[in-house]
Amino acid sequence: MLKVHNLVKHFGDNKAVKSVSFDIHEGEIFTLIGPNSSGKTTIVKNILGLLQPTSGEITVSNFDVTKMPVKTKSLTGYIPDEPSIWPMMTGEEFLNFTQALYGVKESTRKATNKKLLSLFNLEGLEKQSFDEYSRGNKQKFSIIAALSHNPKLLIIDEPIVGLDPTGAEIAKKLFVDFAKNGGSILLVTHTLPVAEEISSRIGILKDGTLIETGTMDELRNKAGLGHHANLDEIYKKLA
């Protein structure tokens, strides 16, 4: 579903991403972890088409991101780390606006929104404007919007930040179910317990280089740790 091949991104003399390669298959949650300034956000922005690679190739469902940006965007849902929405727009207007951009028929929007709003117990709040929402509710509406056009690839940047414990559990279940139904997820997070809990495979970034990838068991073996080692212990050993 997603293939990143020899991605390089420079900002002047700053080599932010250095020949990074990975792929994500249908039904898989692939998580990137690493310290600040390791290249995670730069990789995400290149996949989304918000930045242009210095070199390398990115494809979504075999469509080149730089050559067919509208097609690849139509297959992708994005949940940013900081919800950025016009403050006077209501939640309902935001969802309808997003779905219209992705070509979702008006006849299907109401049922889709009702189902997703009920999962987060947001019924009734959709009539309020975004400047009235808490940080957590803004994030919930961002999650709903990203899922509401039935994407094939979901790109998630710190999805749990700002969510209450119940909302975080609901979000994690949504992501796991999305993958079980054949969707693909690229997750970027500093919350290592979440990465450990829901990831199929994990990639560790350091200084713009992908230094290791694998399942939890594979990473434990690479780190020379026992089968009870958690991701925090693995990360400290490998990075």
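Side-chain atoms are counted along with the backbone in the values below, which use heavy atoms only and exclude waters and symmetry mates.
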Checklist entry - Does any N or O in the side chain of K9 come within less than 3.5 Å of the main-chain N or O of I43, such that one atom is a donor and the other an acceptor? => result no
Checklist entry - Just how far is it from atom NE2 of H25 to atom NZ of K3, taken to the nearest 0.5 Å? => result 8.5 Å
Next on the checklist: side chain to side chain contact (heavy atoms under 4.5 Å, CB included), that's the test. Do I47 and I155 meet it? Break it down for me.
Outcome noted: CA-CA 9 Å; I47 295 168; I155 298 177; 3.4 Å; yes
Next on the checklist: Whether the side chain of T90 engages the backbone of E93 through a donor-acceptor N/O pair (distance < 3.5 Å, no angle test) should be reported.
Outcome noted: yes
Checklist entry - Is it true that a side-chain atom of K206 and a backbone atom of L238 form a donor plus acceptor pair closer than 3.5 Å? => result no
Next on the checklist: One pair to check against ring-ring contact (aromatic ring centres under 6.0 Å, His included): F141 and F120. What are the steps and the verdict?
Outcome noted: CA-CA 9 Å; F141 272 97; F120 282 109; 9.0 Å; no
Checklist entry - Taking the side chain as C-beta and beyond, is there a heavy-atom pair between T66 and Q52 under 4.5 Å? => result yes
Item to check | Short N-O contact, E233 and K236, less than 4.0 angstrom | outcome: no
Checklist entry - Does the side chain of S129 pick up a donor-acceptor pair with the side chain of E132 at under 3.5 Å? => result yes
Item to check | Q128 atom CD: more than 12 heavy-atom contacts under 6.0 Å | outcome: yes
Checklist entry - Counting N and O atoms only, with roles assigned by atom type, does the side chain of T54 sit under 3.5 Å from a partner on the main chain of H10, one being a donor and the other an acceptor? => result yes
Item to check | Flag for H190-N36: side-chain donor and acceptor within less than 3.5 Å | outcome: yes
Next on the checklist: Can a donor-acceptor pair be found, under 3.5 Å and without considering hydrogens, that links the side chain of S19 to the backbone of V8?
Outcome noted: no
Checklist entry - What's the shortest heavy-atom distance between G208 and V20, and which atoms? => result O-CG2, 3.5 Å
Checklist entry - With N137, which residues qualify under side-chain contact (heavy atoms from CB on, under 4.5 Å), at least two apart? => result L122, L125, Y133, S134, K140
Checklist entry - Considering residues, nucleotides and ligands other than K45, do more than 12 of their heavy atoms fall under 6.0 Å from its NZ? => result no
Checklist entry - Side chain of S118, backbone of N121: donor and acceptor closer than 3.5 Å? => result no
Checklist entry - Restricting to pairs with a member in residues 54-83, which pass salt bridge (charged side-chain N to carboxylate O under 4.0 Å, His left out), not counting sequence neighbours? => result E82-R135
Checklist entry - Would you say the side chain of V60 lies within less than 4.5 Å of the side chain of V65, judging by non-hydrogen atoms? => result yes
Checklist entry - By side-chain contact (heavy atoms from CB on, under 4.5 Å), which residues pair with K18, not counting sequence neighbours? => result K15, D207, T209
Checklist entry - Can you list the residues that meet the side chain to side chain donor-acceptor pair (under 3.5 Å) rule with E158, with sequence neighbours excluded? => result T189
Checklist entry - Are the side chain of S142 and the backbone of K138 linked by a donor-acceptor contact shorter than 3.5 Å? => result yes
Item to check | Residues in ring pair (Phe, Tyr, Trp, His ring centres under 6.0 Å) contact with F63, at least two apart in sequence or another chain | outcome: none
Checklist entry - Considering residues at least two apart in sequence or located in another chain, which fulfil the side-chain contact (heavy atoms from CB on, under 4.5 Å) criterion with A168? => result I160, L163
Checklist entry - Hey, are the side chains of E92 and K127 touching, using non-hydrogen atoms and a 4.5 Å cut-off? => result yes
Next on the checklist: Starting from F11 and following side-chain heavy-atom contacts under 4.5 Å between hydrophobic residues (I, L, V, M, F, W, Y), which residues can be reached?
Outcome noted: L51
Item to check | Sequence-distant partners of F30, ring pair (Phe, Tyr, Trp, His ring centres under 6.0 Å), two or more places apart | outcome: F22
Next on the checklist: K180: which residues meet the side-chain contact (heavy atoms from CB on, under 4.5 Å) condition with it, sequence neighbours left out?
Outcome noted: V176, D177
Next on the checklist: For a quick test of reading the model, state the closest non-hydrogen atom pair linking G77 to P151 and the distance between them.
Outcome noted: N-CB, 3.5 Å
Next on the checklist: Which label fits Y102 and H149: parallel for a plane angle under 30°, tilted from 30 to 60°, or perpendicular past 60°?
Outcome noted: parallel
Next on the checklist: My understanding is that only residues two or more places apart in sequence, or in another chain, count here; which of them pass side chain to side chain donor-acceptor pair (under 3.5 Å) with E196?
Outcome noted: none
Checklist entry - Which residues satisfy the side chain to side chain donor-acceptor pair (under 3.5 Å) test with R201, sequence neighbours excluded? => result E28
Next on the checklist: Test your reading of the model: is there a side-chain donor-acceptor pair from S199 to the backbone of I29, 3.5 Å cut-off?
Outcome noted: no
Checklist outcome for this item: With sequence neighbours left out, the residues meeting side chain to side chain donor-acceptor pair (under 3.5 Å) with D217 are R220
Checklist entry - Taking all atoms of both residues into account, what is the closest heavy-atom pair of A145 and S148, and its distance? => result O-OG, 3.0 Å
